[in-house]
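Working notes, beginning with the structure itself.
Indexing begins at 1, ligand by ligand and atom by atom, following the structure's order.
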Amino acid sequence: MIKGSGRPVYSGVAIGKIFVFSKSRQINRTKCSDIEKEIKRFNDAIAVAKEELNVLYEKTKREIGEEQAEIIEVQSLFLDDLDYTEGIIDMIKAGSDAAFSTHEIGDAQASAFAQLDDEYMKARAADIKDISDRLIKILTGSEGSFKMDSPGIVVAEDLSPSETVSLDKEKILAFVTRQGSSNSHTAILARVMNIPSLVLTDIDIDPSLNGRTMIVDGFAGNYYIDPDDETMNSMLLKQKGALEHKAELDAYRKRESISKSGKKVNLFANIGSPDDLKYVLDGDAEGIGLLRSEFLYLGRHDYPSEYELFTAYKKVVETMEGKKVVIRTLDIGADKKVDYFNLEKEENPALGYRGIRICLREKEIFKTQLRAIYRASEFGKVSIMFPMIISLKEIKEIKETCAEVIKELEAEGCNLNPVELGIMIETPAAAIISDVLAKEVDFFSVGTNDLTQYTLALDRQNEKLDSFYDSHHEAIMRLLKIIADNAHKAGIWAGICGELAGDLTLTDEFLKMGYDELSVAPSRVLELRKKIIESEV
Ligand code: PEP
Ligand code: MG
């Protein structure tokens, strides 16, 4: 038996087969005997890739705009670039297969581009990698993606948000990663999915782990590989205890979240996509307090269309049957990277081009989302909120864009319901001027994950800083009080949707501050309702 430990990000006990998630697609060299045939296969793959890119170009131009479509055109040009194609053909002539040759030349050229001084040329490295990946997929007929043939435990070095969305959530019993932090999106996902998970573990990741039995104890932060009988039996008991506790919480279903002295709180849930609705229904949330729209953009090769977004939002709104759904517009950038956005590498991504900043610069992307959200408002009760706000100017611009969208949709015959417009308070700037901002919006929702990161100047993704990261810091508590007071003075509601909302040691404090809404991972709802109902505040 191997025993190890890590930092638990969600409690519970999982027992299952290991699936090792490996990031890099392994392209092994195969010796090629029929060189002419291999060159023909490569040239055919180029023709297929051109065809695929043509379709993508037209779709992007139609749905997003000419400027974005040009990026696809640039990729197409590489397929006619002799330096690139002849380099690959030369390698095939020297006896390597086409996929391996494409991988090698693609990587070499991408790193050459990445080293250039010119920012535009530097950014072309991602295009070469992308086009090489496309050719390799055509040549090998494989997506190269990670597949789970049965339920099991995902063991990984780390998982980016776009990697987590590509996983088959139905089959995941637990996550165990070597890296990550308690505030990373993988940790947030584990809490949404209600599965025990450990980050920052000491596990040696090796393909030989695949298929072996693992136990993850999310209470103690331990994992066991090939457990002995004694460990298995004691963990089965612990698992039974956790299930019994969950059953006890059933007594809090379908009840109002109201404290002993009559303070009522709207107890909502945070989700990433319609797939998470089953956790919301299971958790008995009273609404959705944060739909992280960016998850609809991750794990894809191009932008979702207005129709795709509308379908996703409509599903959420309809499933919630008239309960409030707060949809946050795209918060891409920083840790949530998407290749097709072609975002340049930044020195300080958390302080960079992200969230509302991208939306206000790339109006077509913004308007596509807003149109989809407003159209979904015909099917229930929708609020929109905007991330990373720092100024009144941004709110004014957002409101103008919303007004344009409403006008367009009404002219098209849509029958829109009233939609509240709110902002996330997740920068110290927004918290400090919350008295001014409150006069312009319908509600505030505090993003304590980012508010803590920016107030304490601590990167939430950096595992080395976990011991410095004090989410109960006096500065955060004071800001939370200021925000709630300023909201109420202006007559608007205030909620918290960052991870702190689910911290039961602060529930009384939040009730005293007068927060009207707490939005937490679906799995935390019943536990938090119990705490509110038992609170004397
Ligand atoms: C936050 O910052 O607290 C928040 C809810 O947004 P996200 O975690 O998606 O950045
Ligand atoms: Mg945030």
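- Numbered from 1 in the order shown, with element, the atoms of ligand 1 that lie under 4.0 Å from a heavy atom of Arg292 read 4 (C), 5 (C), 6 (O), 7 (P), 8 (O), 9 (O).
- For a threshold of 3.5 Å applied to N or O pairs, the pair formed by Thr448 and ligand 1 contains at least one separation below that value.
- For the pair Arg529 and Tyr252, the cation does not sit on the ring face, since its NZ or CZ is not both under 6.0 Å from the ring centre and inside 45° of the axis.
- Donor-acceptor pairing under 3.5 Å is recorded for the side chains of Tyr10 and Asn194.
- For the ligand labelled ligand 1, residue Arg328 lies inside the 4.0 Å heavy-atom shell.
- A donor-acceptor contact under 3.5 angstrom links the side chains of Ser293 and Tyr313, judged on distance only.
- A tilted orientation is assigned to the rings of Tyr303 and Phe341, their planes being inclined by 30° to 60°.
- Taking backbone and side-chain atoms together, Glu426 has an N/O/S atom less than 2.8 Å away from the Mg ion (ligand 2).
- Heavy-atom neighbours of Phe219 CZ from other residues, nucleotides or ligands within 6.0 Å: above the threshold of 12.
- Side-chain N/O atoms of Ser377 and Asn417 include no donor and acceptor closer than 3.5 Å.
- The N, O or S atom of Asp450 with the smallest distance to the Mg ion (ligand 2) is OD2.
- Of all the atoms in ligand 1, the ones that sit under 4.0 Å from a non-hydrogen atom of Gly447 are 1 (C), 2 (O), 3 (O).
- In the vicinity of Arg460, heavy-atom distances shorter than 4.0 Å reach the ligand 1 atoms 2 (O), 7 (P), 8 (O), 10 (O).
- Of the candidates Leu421, Ile395, Ile398, Val441 forms a side chain to side chain contact (heavy atoms under 4.5 Å, CB included) with just one, namely Ile395.
- When Ile423, Ile483, Ile492 are each tested for a side chain to side chain contact (heavy atoms under 4.5 Å, CB included) with Leu437, only one passes: Ile423.
- Heavy atoms of Met388 stay at 4.0 angstrom or farther from ligand 1.
- Here is the list of ligand 1 atoms found below 4.0 Å of a heavy atom in Leu290: 5 (C).
- The N/O atoms of Arg354, backbone and side chain alike, include none that comes under 3.5 Å of an N/O atom in ligand 1.
- The backbone N or O of Ile203 lies less than 3.5 Å from a partner atom in the side chain of Arg178, making a donor-acceptor pair.
- Atom numbering of ligand 1 starts at 1 in the shown order; those under 4.0 Å from a heavy atom of Gly498 are 3 (O), 5 (C).
- Within ligand 1, counting atoms from 1 as listed, the ones closer than 4.0 Å to a heavy atom of Cys497 are 5 (C).
- Look at Met424 and you'll find a heavy atom under 4.0 Å from some atom of ligand 1.
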